[in-house]
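Right, one structure below, let's go through it.
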Amino acid sequence: MAEKCFSCGIADRVADGRLLCFKYKFEISAITAKEKSDCYYFIEPQYEDGEPLTAAQTLMIKEGEVASRRMRGPV
């Protein structure tokens with residue numbers, strides 16, 4: 001399960017090679033990845049025309065999914 005953060009679409013690689021969670025703004029390491037293994041915002045990397053979307057674009061997609069889930073339910 002610890003690999004989940006490392007393969008997430010909103011994990012953003014910064015210039016010095018570190019991975020940061022674009023949503024929660026923490027550095028992804030083996031320890032933090034294990035703690036966050038059940039993250040609600042996990043999403044597979046998304047591609048458009050063969051190019052991967054940026055972490056910001058992927059986060060917008062996931063936030064749209066989360067918002068649409070909130071609107072479902074009994075009326």
Side-chain angles (χ1 to χ4, degrees):
M1 282 279 222
E3 303 84 35
K4 210 169 180 183
C5 283
F6 293 108
S7 63
C8 184
I10 62 171
D12 191 27
R13 189 162 303 277
V14 293
D16 59 0
R18 297 178 300 140
L19 271 179
L20 297 176
C21 177
F22 197 79
K23 171 70 179 172
Y24 295 111
K25 309 294 187 215
F26 66 85
E27 183 176 353
I28 299 171
S29 67
I31 296 167
T32 57
K34 191 170 190 167
E35 292 172 0
K36 306 284 186 187
S37 64
D38 59 346
C39 181
Y40 196 63
Y41 280 89
F42 174 78
I43 185 172
E44 294 288 332
Q46 304 294 305
Y47 295 88
E48 185 175 310
D49 297 329
E51 295 290 321
L53 296 178
T54 65
Q57 292 169 322
T58 306
L59 180 60
M60 285 192 318
I61 291 170
K62 185 62 180 185
E63 285 179 336
E65 289 176 11
V66 170
S68 71
R69 282 190 209 139
R70 284 191 207 131
M71 300 305 285
R72 295 181 189 158
V75 177

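Heads up: numbering here begins at 1 and tracks the sequence. What you see below is based on every heavy atom in this structure, not just the backbone, and it leaves out hydrogens, waters and symmetry mates.
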**Prompt:** Of all residues at least two apart in sequence or in a different chain, which pass the side chain to side chain donor-acceptor pair (under 3.5 Å) check with T54?
**Reply:** Q57
**Asked** Can you list every pair that meets side chain to side chain donor-acceptor pair (under 3.5 Å) and has a residue in residues 42-51, with sequence neighbours left out?
**Response** none
**Message:** Could you check whether K25 makes a cation-pi contact with F22, meaning its NZ or CZ is under 6.0 Å from the centre of the six-membered ring and within 45° of the ring axis?
**Reply:** yes
**Fill in**
R18 meets the side chain to side chain donor-acceptor pair (under 3.5 Å) criterion, sequence neighbours left out, with D16, E27
**Request:** Show your working on side-chain contact (heavy atoms from CB on, under 4.5 Å) between C21 and Y41 and close with a plain yes or no.
**Result:** CA-CA 10 Å; C21 177; Y41 280 89; over 6 Å; no
**Asked** Could you give the distance from SG (C5) to OH (Y24), rounded to the nearest 0.5 Å?
**Response** 10.5 Å
**Request:** Supply the atom-to-atom distance I28 CD1 to I10 CD1, rounded to the nearest 0.5 angstrom.
**Result:** 8.0 Å
**Item:** Within residues 52-61 or reaching into it, pairs that qualify as salt bridge (charged side-chain N to carboxylate O under 4.0 Å, His left out) - sequence neighbours excluded
**Value:** none
**Prompt:** How is the hydrophobic cluster of V14 composed, in terms of its other members, when Ile, Leu, Val, Met, Phe, Trp and Tyr link through side-chain heavy atoms under 4.5 Å apart, directly or indirectly?
**Reply:** L20
**Item:** Spacing of C8 atom SG and K62 atom NZ [to the nearest 0.5 Å]
**Value:** 8.5 Å
**Fill in**
Excluding M60, membership of its hydrophobic cluster (Ile, Leu, Val, Met, Phe, Trp, Tyr; side-chain heavy atoms within less than 4.5 Å) reads none
**Message:** I need the single residue from D12, T58, I43, L59 that forms a side-chain contact (heavy atoms from CB on, under 4.5 Å) with K23. Which is it?
**Reply:** L59
**Request:** Grab the two heavy atoms, one from S7 and one from F42, that are nearest each other, plus how far apart they are.
**Result:** OG-CE1, 4.0 Å
